[in-house]
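Each remark here refers to the structure printed beneath this line.
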Amino acid sequence: MDNATTITMFTLTGLSGTTNNRILLFLLTLLCYCTIWLVNLAIIVTIILEKRLHEPMYIFLCNLCINGLYGTTGFYPKFLYDLLSKHHVISYSGCLLQGFVLHSSACADFSILAVMAYDRYVAICRPLVYHTVMTKLVISVLSFFAWLIPSFLIFMSTLTTSWFQMCGSHIPKIYCVNYLVYKLSCSTSMSSYIIPFFNYTFYICHNIFIFWTYIYIIRICRSSKENWNKFLQTCVPHLFSLAIVVGSLLFDLMYMRYGSKNISQAAQNFIAIEFILIPPILNPIMYGLKLTEVRKSLQKFFCRGKFRVSG
């Protein structure tokens, strides 16, 4: 192990060997980032402007799309800059900030999806008290904590990571994550094990809650064709979103800890960016197509805009 030194910059080695394809990668990444902003903003603006969409389900969906923009902003601008730069470095504080944004966004996805699952449970299993339970105050509180708790937990994890003395400065990835920064540290402490363990356990419980909720909803819906149709229309997108987020994150985490280093750098990079590439694009597209009210509102705004342009 290297001697402990004061590290002020980290080197991101994930882009090594991509010199010949930089411009193509830059254009594809820019297109991807613009698409993410376009599809998410379309959902956000539609929900904000359309009063009939000011319902709990759509408000939580709006939060999910905002979180998609928040998380991708922590990666794409820096990655686009790196694609045009000869030196792929990031400051120590910038690395911790990027790790915080990406981790907190991923955790907020689970929190928002858990809140959406609770909303669907009340709407389908307890429809008579839905508007009594899901008041504006409850919606505000649930939305607030869906953002606050992930931010606080990841802040504590990032703060713990920042205490360690670094014995290395090379991060074998195209962005910073707390786990890889921690691996470069010269020492460990109990907090470095307890806090991540608590965070993982906390969000595993989120997933258990979501799956249990939907299993219960399915049992209720099987006895009613009306409820079953409501489940297919409003719950299937949530389950699909959960599967995408869990699959993308789990794949990256498992590879980061146990994966083989023999696969190509390009494949490693794709594995690394799955969770900030696939969910932010597919989620708004899927909800926009599947949820009837959102689809109708999008069509109305699009047709109105087209009419104004042609006029």
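Along the sequence shown, residues are numbered consecutively beginning with 1. All values reported here derive from a predicted model rather than from experimental measurement.
Between Phe209 and Ala114, the closest heavy-atom pair is CE2-O, 3.5 Å. When every heavy atom of Met9 is checked against every heavy atom of Ser169, the shortest pair comes out as O-CB, 3.6 Å. Across His103 and Gly99, no two heavy atoms sit closer than the pair ND1-O, 2.6 Å. Nearest heavy atoms, Ala117 versus Thr213: O-CG2, 3.4 Å. Counting all heavy atoms, side chain and backbone alike, Pro280 lies closest to Asn40 at O-ND2, 2.8 Å. When all heavy atoms of Tyr214 and Arg120 are compared, the pair lying nearest together is OH-CG, 4.1 Å.
Of the possible polar contacts, none joining the His170 side chain to the Leu12 backbone as a donor-acceptor pair under 3.5 Å is found. Looking at Ser105, its side chain never comes within 3.5 Å of a backbone N or O of Val101 through a donor-acceptor pair. Remark: side-chain polar atoms of Tyr175 are paired, donor with acceptor, to backbone N or O of Ala272 under 3.5 angstrom. Under the 3.5 Å distance criterion, the side-chain polar atoms of Ser111 are left unmatched by any main-chain donor or acceptor of Ala108. Side-chain atoms of Asn269 come within 3.5 Å of backbone N or O of Gly14 as a donor-acceptor pair. Not one N or O on the side chain of Tyr121 forms a donor-acceptor pair closer than 3.5 Å with the backbone of Tyr216. Distance alone, capped at 3.5 Å, is enough to place a donor-acceptor pair between the Thr13 side chain and the Ile171 backbone. In this structure, His88 contributes its side chain and Thr11 its backbone to no donor-acceptor pair below 3.5 Å.
The side-chain contact (heavy atoms from CB on, under 4.5 Å) test with Pro56 singles out one residue from Val122, Ile139, Thr135, and that residue is Ile139.
Taking hydrophobic clusters as Ile, Leu, Val, Met, Phe, Trp and Tyr residues chained together by side-chain heavy-atom distances below 4.5 Å, Phe145 shares a cluster with Leu142. When the side chains of ILVMFWY residues are joined at heavy-atom separations under 4.5 Å, either directly or via intervening members, Ile244 and Ile285 end up in a single hydrophobic cluster. Note on Val245 and Ile208: separate hydrophobic clusters, where clusters join Ile, Leu, Val, Met, Phe, Trp and Tyr whose side-chain heavy atoms are under 4.5 Å apart, directly or indirectly. Leu38 and Leu49 are not part of a single hydrophobic cluster, where members link through side-chain heavy atoms under 4.5 Å apart. Hydrophobic clustering (side-chain heavy atoms under 4.5 Å, transitive across Ile, Leu, Val, Met, Phe, Trp, Tyr) groups Leu84 together with Leu27.
Of the N and O atoms on the side chains of Trp37 and Tyr33, at least one donor lies less than 3.5 Å from an acceptor on the other residue. Between the side chains of Thr46 and Tyr58, no donor N or O sits under 3.5 Å from an acceptor N or O.
Between Ile217 and Cys125, some side-chain heavy-atom pair lies under the 4.5 Å cut-off. Between Tyr92 and Ser162, the closest side-chain pair of non-hydrogen atoms falls below 4.5 Å. Side-chain atoms of Tyr70 and Asn67, non-hydrogen and from C-beta on, do get closer than 4.5 Å to each other. You'll find the side chain of Asp109 stays beyond 4.5 Å of the side chain of Phe275, heavy atoms only. Between Tyr287 and Val39, every side-chain heavy-atom pair lies at or beyond the 4.5 Å cut-off. Using a 4.5 Å heavy-atom cutoff, the side chains of Arg22 and Lys86 are not in contact.
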* What do the steps show when you test Phe100 against Thr161 for side-chain contact (heavy atoms from CB on, under 4.5 Å), and what is the final call? -> CA-CA 11 Å; Phe100 170 80; Thr161 303; over 6 Å; no

* Asked: Can you list the steps and then say if Cys107 with Asn199 is a side-chain contact (heavy atoms from CB on, under 4.5 Å)?
  -> CA-CA 9 Å; Cys107 292; Asn199 290 350; over 6 Å; no

* To do: I would like to know whether Ser104 and Phe155 meet side-chain contact (heavy atoms from CB on, under 4.5 Å); could you show each step before the answer?
  => CA-CA 8 Å; Ser104 60; Phe155 174 77; over 6 Å; no

* Stepwise, does the side-chain contact (heavy atoms from CB on, under 4.5 Å) test hold for Ile66 with Cys62? -> CA-CA 6 Å; Ile66 292 172; Cys62 186; 4.0 Å; yes

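Between the CG atom of Leu83 and the CG atom of Leu25 there is a distance of 6.0 Å, given to the nearest 0.5 Å. To the nearest 0.5 angstrom, Lys296 atom NZ is 6.5 Å from Arg52 atom CZ. Rounded to the nearest 0.5 Å, atoms CD1 (Ile44) and CG (Asn63) are 9.0 Å apart. Here the straight-line distance linking atom OG of Ser157 with atom CG of Leu96 works out to 10.0 Å at 0.5 Å rounding. The distance from the CG atom of Leu102 to the CD1 atom of Ile273 is 12.0 Å, given to the nearest 0.5 Å. Between Ile124 atom CD1 and Asp119 atom CG the span is 9.0 Å, to the nearest 0.5 Å.
Classification of the Phe110-Tyr203 ring pair by plane angle, with boundaries at 30° and 60°, yields tilted. Ring geometry for Phe79 versus Phe75: interplanar angle under 30°, hence parallel rather than tilted (30 to 60°).
By the neighbour-count criterion of 12 heavy atoms within 6.0 Å, atom CZ of Phe240 is sparsely surrounded, having that number or fewer from other residues, nucleotides or ligands. Counting non-hydrogen atoms of neighbouring residues, nucleotides and ligands closer than 6.0 angstrom, the CZ atom of Arg219 reaches no more than 12 such neighbours.
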